[in-house]
Amino acid sequence: MRDPATREADPGDWCAVLAVFFLALVWHRLGIPTKIYFDEIHYVPAARKMLALTQHNPEHPLLGKELIAAAIRALGDKPLYWRVPSALLGAFGLFAFSRALWWASLRRWATIAGTLLLATDFAWFIQSRIAMLDMAMASFGMVMLWMAASAVRRPRQARWRLALCGIAMGLAIAAKWSIVPAAMTLGLGFFVIRLAAAGRRFVTATKAAPIPGISLAEAALWLGIVPMLVYWATFAPAFFYHANGIDPLAPIAWHRYMLQLQDSVVKAHPYRSVWYQWMGNWRAIWYLYEVVDGAQRGIVLIGNPFTMIAGL
């Protein structure tokens with residue numbers, strides 16, 4: 001990835017068109033069902049209580065619920081509006097993925113094909129049509145990868161790109177902790193590559209891979225400190241709860257409480273699955289299967305067989 005030269009044309013315009021078509025498909029009948037379903041039962045009430053400055057669903061970070069609350073405040077408390085943040089982030093995250101793939105590969109066909117595979121992935125589609133935390137996490141996570149890959153390709157622009165990477169990383173983690181392993185990989189990857197390239201001078205060296213001009217200390221700032229500050233800043237509404245508010249000076253104590261809540265769930269969830277069940281395409285999850293809005297309706301999450309095989 002050190003050589004930025006490529007003879008292939010950037011397919012960014014085509015990827016943007018794909019993202020717009022994806023948004024149009026997601027938007028179709030987005031307000032149906034007109035009732036809370038699946039895990040919306042946790043996050044929509046949490047967003048409502050957040051608007052009233054009341055604590056709810058404290059075991060998860062706040063950003064995803066803040067976005068739902070912002071949609072309710074700006075547009076109204078209706079099913080369509082609960083799901084608007086996920087729909088917009090699903091389309092934007094798809095485009096961000098295409099940019100990350102382009103900067104990582106500099107291959108036009110790989111970028112377009114990869115974007116098509118993600119656009120037809122059932123998990124990405126269904127999560128873009130429901131008021132949950134996942135699309136906020138995934139979309140900002142894709143921006144994080146986009147900025148990281150482009151920083152490597154464009155060292156002269158690396159500083160502001162790494163700054164945006166750190167901000168996106170903090171926002172992704174502030175939506176859901178599941179992104180943490182991917183976020184940590186960026187910083188660890190920088191460290192390992194710099195160590196291999198600079199040897200004993202890895203701490204002070206700047207003219208070395210993966211990004212010439214950026215020291216290890218500066219990388220730690222953008223990929224470590226900035227994300228933590230952004231992450232904690234998203235908890236600001238909880239500092240003003242009418243009861244059981246979060247102490248802004250006690251992040252460790254609050255996170256210990258969050259972990260206690262998550263560890264208190266000891267019974268296996270009925271929707272629990274393992275990776276090979278997803279790759280093997282035999283672990284379906286029914287998000288909805290009941291009579292609602294005058295018809296028997298079903299929403300099922302199972303992998304698109306072509307997408308999963310081709311992706312693998």
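Between A205 and A198, the closest heavy-atom pair is CB-CB, 3.6 Å. Between F190 and I214, the shortest heavy-atom distance links the atoms CZ-O, 3.7 Å. When all heavy atoms of A87 and L30 are compared, the pair lying nearest together is CB-CD2, 3.9 Å. Heavy atoms only, all atoms of each residue included: A47 and I68 are closest at CB-CG2, 3.7 Å. Considering every non-hydrogen atom in both I36 and P45, the closest pair reads CD1-CD, 4.4 Å. In plain terms, the two heavy atoms of V226 and A163 that are nearest each other are CG1-O, 4.5 Å.
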Point to revise | side-chain contact (heavy atoms from CB on, under 4.5 Å) between I299 and F38, intermediate numbers included | key: CA-CA 10 Å; I299 299 173; F38 202 66; over 6 Å; no
Exercise for review: Please lay out, stage by stage, how H42 and E59 fare under the test side-chain contact (heavy atoms from CB on, under 4.5 Å).
Suggested key: CA-CA 11 Å; H42 301 297; E59 61 268 28; 5.8 Å; no
Point to revise | Worked verdict on M50 versus H56 for side-chain contact (heavy atoms from CB on, under 4.5 Å) | key: CA-CA 7 Å; M50 184 177 293; H56 186 70; over 6 Å; no
Review point. Passes side-chain contact (heavy atoms from CB on, under 4.5 Å), R159 versus W222? Steps please.
Key: CA-CA 8 Å; R159 185 161 287 111; W222 300 126; 4.0 Å; yes
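Every residue was checked against the ring pair (Phe, Tyr, Trp, His ring centres under 6.0 Å) condition with W14, not counting sequence neighbours, and none meets it. Scanning for side chain to side chain contact (heavy atoms under 4.5 Å, CB included) contacts around L223 gives L162, C165, M169, with sequence neighbours left out. For F191, the ring pair (Phe, Tyr, Trp, His ring centres under 6.0 Å) partners at least two apart in sequence or on another chain are F202. N244 meets the side chain to side chain contact (heavy atoms under 4.5 Å, CB included) test with Q55; sequence neighbours excluded. S139 meets the side chain to side chain contact (heavy atoms under 4.5 Å, CB included) test with L89, F92; sequence neighbours excluded. When the ring pair (Phe, Tyr, Trp, His ring centres under 6.0 Å) test is applied to F122, no partner is found at least two apart in sequence or on another chain. Applying the side chain to side chain contact (heavy atoms under 4.5 Å, CB included) criterion to I246, with sequence neighbours excluded, gives W232, F235, A238, F239, W254. Shown here are the salt bridge (Lys or Arg N to Asp or Glu O under 4.0 Å) partners of D121, two or more places apart in sequence or in another chain: there are none.
Under a cut-off of 6.0 angstrom, the local environment of CG in L53 is crowded, with over 12 non-hydrogen atoms contributed by other residues, nucleotides or ligands. Around atom CE of M258, more than 12 heavy atoms belonging to other residues, nucleotides or ligands sit under 6.0 Å away.
To the nearest 0.5 Å, the span separating CE on M135 from CG on L67 amounts to 12.0 Å. Separating the CG atom in D247 from the CD1 atom in I252 is a distance of 12.0 Å, to the nearest 0.5 Å. A distance of 6.5 Å separates CG of L18 from OG1 of T115, quoted to the nearest 0.5 Å. Here the CE-CD1 distance, from M147 to I167, works out to 10.5 Å after rounding to the nearest 0.5 Å. Atom OG1 of T206 and atom CG of L216 lie 11.5 Å apart (nearest 0.5 Å). Separating the CZ atom in F22 from the SG atom in C15 is a distance of 14.0 Å, to the nearest 0.5 Å.
Considering only heavy atoms from C-beta on, S105 comes within 4.5 Å of T111 through its side chain. By the 4.5 Å heavy-atom criterion applied to side chains, L88 and W27 are counted as neighbours. Between L145 and L186 there is a side-chain heavy-atom pair separated by less than 4.5 Å. The side-chain heavy atoms of L261 and P58, taken from C-beta on, include a pair separated by under 4.5 Å.
By the rule that hydrophobic residues join a cluster once side-chain heavy atoms approach within less than 4.5 Å of another member, M142 and I112 end up as members of separate clusters. M184 is not connected to I193 by any chain of hydrophobic side-chain contacts under 4.5 Å among Ile, Leu, Val, Met, Phe, Trp and Tyr, and they are in different clusters. Linking Ile, Leu, Val, Met, Phe, Trp and Tyr whenever their side-chain heavy atoms come within less than 4.5 Å leaves V300 and M132 in two separate clusters. V20 and F97 are members of different hydrophobic clusters when ILVMFWY side chains are connected at heavy-atom separations under 4.5 Å. Note on I126: it clusters hydrophobically with L25, by side-chain heavy-atom contacts below 4.5 Å among ILVMFWY residues.
Sorted by first then second residue, the salt bridge (charged side-chain N to carboxylate O under 4.0 Å, His left out) pairs that include residues 181-199, not counting sequence neighbours, number zero. Residue pairs meeting the side-chain hydrogen bond (donor to acceptor under 3.5 Å, both in side chains) criterion with at least one partner in residues 68-82, sequence neighbours excluded, are R48-D77, D77-W82. Counting only residues at least two apart or on different chains, the side-chain hydrogen bond (donor to acceptor under 3.5 Å, both in side chains) pairs with a member in residues 177-191 are W177-Y231. Here side-chain hydrogen bond (donor to acceptor under 3.5 Å, both in side chains) pairs that include residues 167-176, with residues two or more places apart or in two chains, are D134-K176.
A donor-acceptor distance shorter than 3.5 angstrom exists from the side chain of D293 to the backbone of T34, with no hydrogens or angles considered. Between the side chain of R83 and the main chain of S128, no donor-acceptor pair closer than 3.5 Å is present. Proximity of a side-chain donor or acceptor of E40 to a complementary backbone N or O of A131 within less than 3.5 Å is detected. Looking only at distances, no side-chain donor or acceptor of R108 sits under 3.5 Å from a matching main-chain atom of E8. Not one N or O on the side chain of R99 forms a donor-acceptor pair closer than 3.5 Å with the backbone of W146. With hydrogens and angles ignored, the 3.5 Å screen pairs a side-chain donor or acceptor of S86 with a backbone N or O of I130. Checking side-chain atoms of R156 against main-chain N and O of G213 turns up no donor-acceptor pair under 3.5 Å.
Using cut-offs of 30° and 60° on the angle between ring planes, the pair Y37 and Y287 is tilted.
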